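Contents: one structure, followed by commentary.
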Protein chains: 2
Amino acid sequence: MTPAGGDGARTTPVRRPTIKDIARRAGVSESAVSFALNGRPGVSQGTRDRIRRMAEELGWEPNSAARALSGERSGCVGLVLARPARTLGVESFFLQLVSGVQEVLADRKVALLFQVVEDIETECAVYRRWWAEKRVDGVLVVDPRAHDPRPELLASLDLPAVVIGAPAPGEDTPHVSSVWADDTAAMASVLAHLHELGHRRIVHVAGMPGLAHTERRIRSLRTEAARLGFDGSRSVTTDYSDAEGAEATRRILDEPDPPTAIVFDNDVMAVAGSAVAAERGIPVPGRLSIVAWDDSALCRVIHPRLTALVRDTSGFGRLAAQELLDRLDGGPVRSIQAELPHLEPRESTGPPATL
Amino acid sequence: MTPAGGDGARTTPVRRPTIKDIARRAGVSESAVSFALNGRPGVSQGTRDRIRRMAEELGWEPNSAARALSGERSGCVGLVLARPARTLGVESFFLQLVSGVQEVLADRKVALLFQVVEDIETECAVYRRWWAEKRVDGVLVVDPRAHDPRPELLASLDLPAVVIGAPAPGEDTPHVSSVWADDTAAMASVLAHLHELGHRRIVHVAGMPGLAHTERRIRSLRTEAARLGFDGSRSVTTDYSDAEGAEATRRILDEPDPPTAIVFDNDVMAVAGSAVAAERGIPVPGRLSIVAWDDSALCRVIHPRLTALVRDTSGFGRLAAQELLDRLDGGPVRSIQAELPHLEPRESTGPPATL
DNA sequence: GACATCTACTAAAACGCATTAGTAGCCTCG
DNA sequence: CGAGGCTACTAATGCGTTTTAGTAGATGTC
């Protein structure tokens with residue numbers, strides 16, 4: 001089964017079969033093989049089958065370098081994650097996303113080039129290098145920002161891209177597709193849930209300022225809160241880390257007239273926040289209700305279990321990957337809306353204490 | 001600064017500068033350029049400098065496909081993560097590891113091909129495909145198992161590999177390097193800590209059976225517990241998920257003579273376990289001490305904060321990446337020991353309740 | 001001053017594939 | 001029966017790089 005029988009390390013290195021080998025064995029020219037294997041016209045069904053069989057038999061796979069050099073495609077797409085090391089790996093979001101992405105890519109034998117860097121400038125440098133080296137055919141962009149240099153850069157490099165989590169593209173970014181979820185509606189459903197329980201004073205512990213969805217959620221909170229008649233609702237921004245989540249929670253609870261509910265922009269901060277409540281002896285949800293934006297094992301594992309906004313993250317990844325492949329096949333730039341996240345009420349939300 | 005001025009999407013697509021362009025501009029042959037740019041002899045210092053300057057000026061980067069086709073190297077290494085979707089993204093381990101890996105790779109302009117798959121068979125298939133497509137120069141292997149087919153496969157494919165978290169290579173795997181931490185000593189330090197506090201009955205909630213480090217930890221527990229005079233210590237295996245961690249904890253606490261301390265093999269299960277304790281009203285550490293193997297934000301964020309075995313995961317990644325690069329440069333197969341993890345006592349461990 | 005030895009280069013081939021431009025052989029049609 | 005048009009192929013070229021072989025010209029040697 002293995003190409004090298006037995007001990008392959010010391011014996012002659014295994015040679016990969018090439019199109020030439022197939023051609024020789026099938027008694028045809030190399031071009032015929034190429035045609036046959038790529039479904040191009042120019043070979044009869046009979047020889048096509050024969051060639052296919054030979055290729056199968058030899059375990060042939062196209063040499064990615066040769067194909068990339070000859071054709072236009074490298075068969076790779078890229079994903080770079082710009083996060084300071086400190087805030088890395090605390091969220092389950094990325095691996096889920098990536099796993100969805102891969103499901104789609106693997107089917108088409110497209111590989112994923114992955115890189116984590118410290119900041120967005122380095123991220124841009126990576127794009128430039130990938131472009132110059134002709135390493136990738138397109139990229140997936142995460143953590144879109146309010147004023148984001150990346151779409152423009154990628155457009156100028158002519159590198160197809162799909163922004164994940166971006167709003168519908170404005171007239172400034174007509175070159176990149178996007179896949180996004182309706183944060184406004186999601187925020188509305190969160191607030192409706194809290195309003196229904198009787199809450200009127202809430203605070204939103206948001207993620208990084210500058211990120212597009214942070215700003216959208218903050219805006220949504222404001223308008224929606226106004227509509228429902230909440231008073232004094234507001235957002236504070238953090239870096240998504242447990243540390244800042246806890247710190248924000250402490251400050252909020254120290255205020256003279258603390259809120260009866262807090263909405264956290266990710267699971268990690270929500271957990272950190274509920275730990276702060278526990279350490280102060282504030283009962284959840286008796287005196288404080290907590291909502292996590294984004295579910296994860298975390299939210300279901302701590303006590304009390306956290307009410308969370310659940311979204312199908314790997315589905316999100318699948319959608320984005322599919323759209324990128326479509327773009328690579330010459331499809332139009334699109335803006336795709338993912339399924340609306342739904343609120344899953346658990347034990348951390350309840351009616352506020354009556355004063 | 002950007003290769004295409006202004007709106008690059010509709011104008012002529014940007015052409016990447018090639019060696020030929022540099023050659024023309026510098027008035028030399030293409031080979032001279034290649035020599036100059038790769039530090040090979042055969043060009044005078046003067047022209048070498050001139051060529052380098054031109055390349056810089058044009059923003060030239062070697063076309064990865066051409067280089068891969070011509071030379072032997074693709075400039076990529078691979079990492080595949082075989083995890084059932086269910087247990088994905090709950091640990092912070094991987095992103096940390098990958099971030100360390102990249103630090104080293106990026107310096108050498110080596111890209112990382114990343115893939116997540118469902119099981120180890122698919123993982124092997126990925127290796128075969130990567131090999132056949134000549135996509136990667138080497139791979140990093142994670143989650144080594146007791147009877148692992150991968151080292152042999154990779155050796156037979158002549159694909160340099162570094163196993164991360166493996167024991168010192170036995171005589172059966174003389175072809176792959178490995179980077180590992182001393183689990184035995186780590187387990188000893190955990191048990192010493194608990195013993196000192198007065199614990200005599202402990203249970204170890206381990207990870208997946210079949211994983212090399214799971215088996216090693218289980219063995220270490222047994223021998224070390226025997227040495228220290230623990231009675232009835234044992235290990236149970238899980239799939240690393242929060243669900244199984246919680247379930248195992250429940251079963252353990254339901255026993256007639258429950259342990260006074262539990263050691264969990266990852267952070268997620270430890271958190272799940274402490275939630276179970278909380279839901280049953282069992283005080284931690286008053287009635288039950290908890291230790292997490294592997295630290296993360298999680299452990300510091302919940303209440304009480306969990307005593308954890310801290311290791312420098314990204315350092316681990318750096319070590320592994322460096323070793324892989326050394327292998328690619330023709331270095332010998334080595335077995336590298338990483339820094340010993342250290343126990344960080346926090347609030348979740350204390351003296352057991354006196355009966 | 002003929003010959004070997006450097007140095008600094010150039011020409012050409014190779015890597016594995018896709019693709020374009022042929023080219024036989026056969027069929028059709030007027 | 002010869003022009004035109006198919007079908008099923010082959011030959012040749014190019015992609016951008018590395019590498020091997022080769023070649024002028026300068027320098028040294030006896």
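Here is the naming used below: chain letters follow the sequence lines, and residue numbers restart at 1 for every chain. Predicted model, so just to flag it, every value in this text is computed and none were measured.
Interatomic distance, CG of A:L113 versus SG of A:C76, reported as 5.0 Å (0.5 Å rounding). Here the straight-line distance linking atom CZ of B:R53 with atom CD1 of B:I22 works out to 12.5 Å at 0.5 Å rounding.
Remark: B:N63 is not in phosphate contact with D:dC15, judged by side-chain N or O atoms under 4.0 Å from OP1 or OP2. The side chain of B:S44 places no N or O atom within less than 4.0 Å of a non-bridging phosphate oxygen (OP1 or OP2) of C:dT7. Look at B:T47 and you won't find any side-chain N or O under 4.0 angstrom from OP1 or OP2 of C:dA8. For the OP1/OP2 pair of D:dT18 and a distance below 4.0 Å, the side-chain nitrogens and oxygens of B:R40 include no atom meeting the criterion. For B:S34 and D:dT18, the shortest distance from a side-chain N or O to OP1 or OP2 is below 4.0 Å. Not one side-chain nitrogen or oxygen of A:W60 sits closer than 4.0 Å to the OP1 or OP2 atom of C:dG16.
A heavy-atom distance below 4.5 Å is not found between the side chains of A:W131 and A:V136. Here the side chains of A:L79 and A:V139 are not in contact, with every heavy-atom distance at 4.5 Å or above.
In this structure, the nucleotide among D:dC15, C:dC17, D:dT10 sitting nearest to the side chain of A:E30 is C:dC17. Here the nucleotide nearest the side chain of A:I19, chosen from C:dC17, D:dT20, D:dT18, is C:dC17. Considering only the side chain of A:S70, D:dG14 comes nearest among C:dT10, D:dT17, D:dG14. Side-chain proximity of A:F35 to the nucleotides C:dT10, D:dG16, C:dT20 is greatest for C:dT20.
The residue A:T18 sits close only to the backbone: its heavy atoms come under 4.0 Å of sugar-phosphate atoms, none of a base. At a threshold of 4.0 angstrom between heavy atoms, the contacts of A:R16 with the nucleic acid are absent.
The pair B:R83-B:D119 fails the salt-bridge criterion, with no side-chain N (NZ, NE, NH1 or NH2) lying under 4.0 Å from an Asp/Glu carboxylate O.
If you measure from atom CZ of A:R15 to atom C1' of C:dC15, you get 12 Å, rounded to the nearest angstrom. Atom pair B:L58:CG and D:dT17:C1' shows a separation of 16 Å (rounding to whole Å applied). One atom, NZ of A:K20, and another, P of C:dA13, lie 14 Å apart when rounded to the nearest Å. Protein atom CG of B:L69 is 16 Å distant from nucleotide atom P of D:dG14, rounded to whole Å. Remark: P of D:dT17 and CD of A:E133 are 11 Å apart, rounded to the nearest angstrom. One atom, CZ of B:R67, and another, P of C:dG16, lie 18 Å apart when rounded to the nearest Å. Computed from coordinates, the A:R135 CZ to D:dG16 P distance equals 16 Å when rounded to whole Å. Whole-Å rounding puts the A:I22 CD1 to C:dC17 P distance at 7 Å.
B:N38 contributes a side-chain N or O that, together with a main-chain N or O of B:S34, makes up a donor-acceptor pair within less than 3.5 Å.
One N or O donor and one acceptor, one from the side chain of B:S31 and one from the base of C:dA11, sit under 3.5 Å apart.
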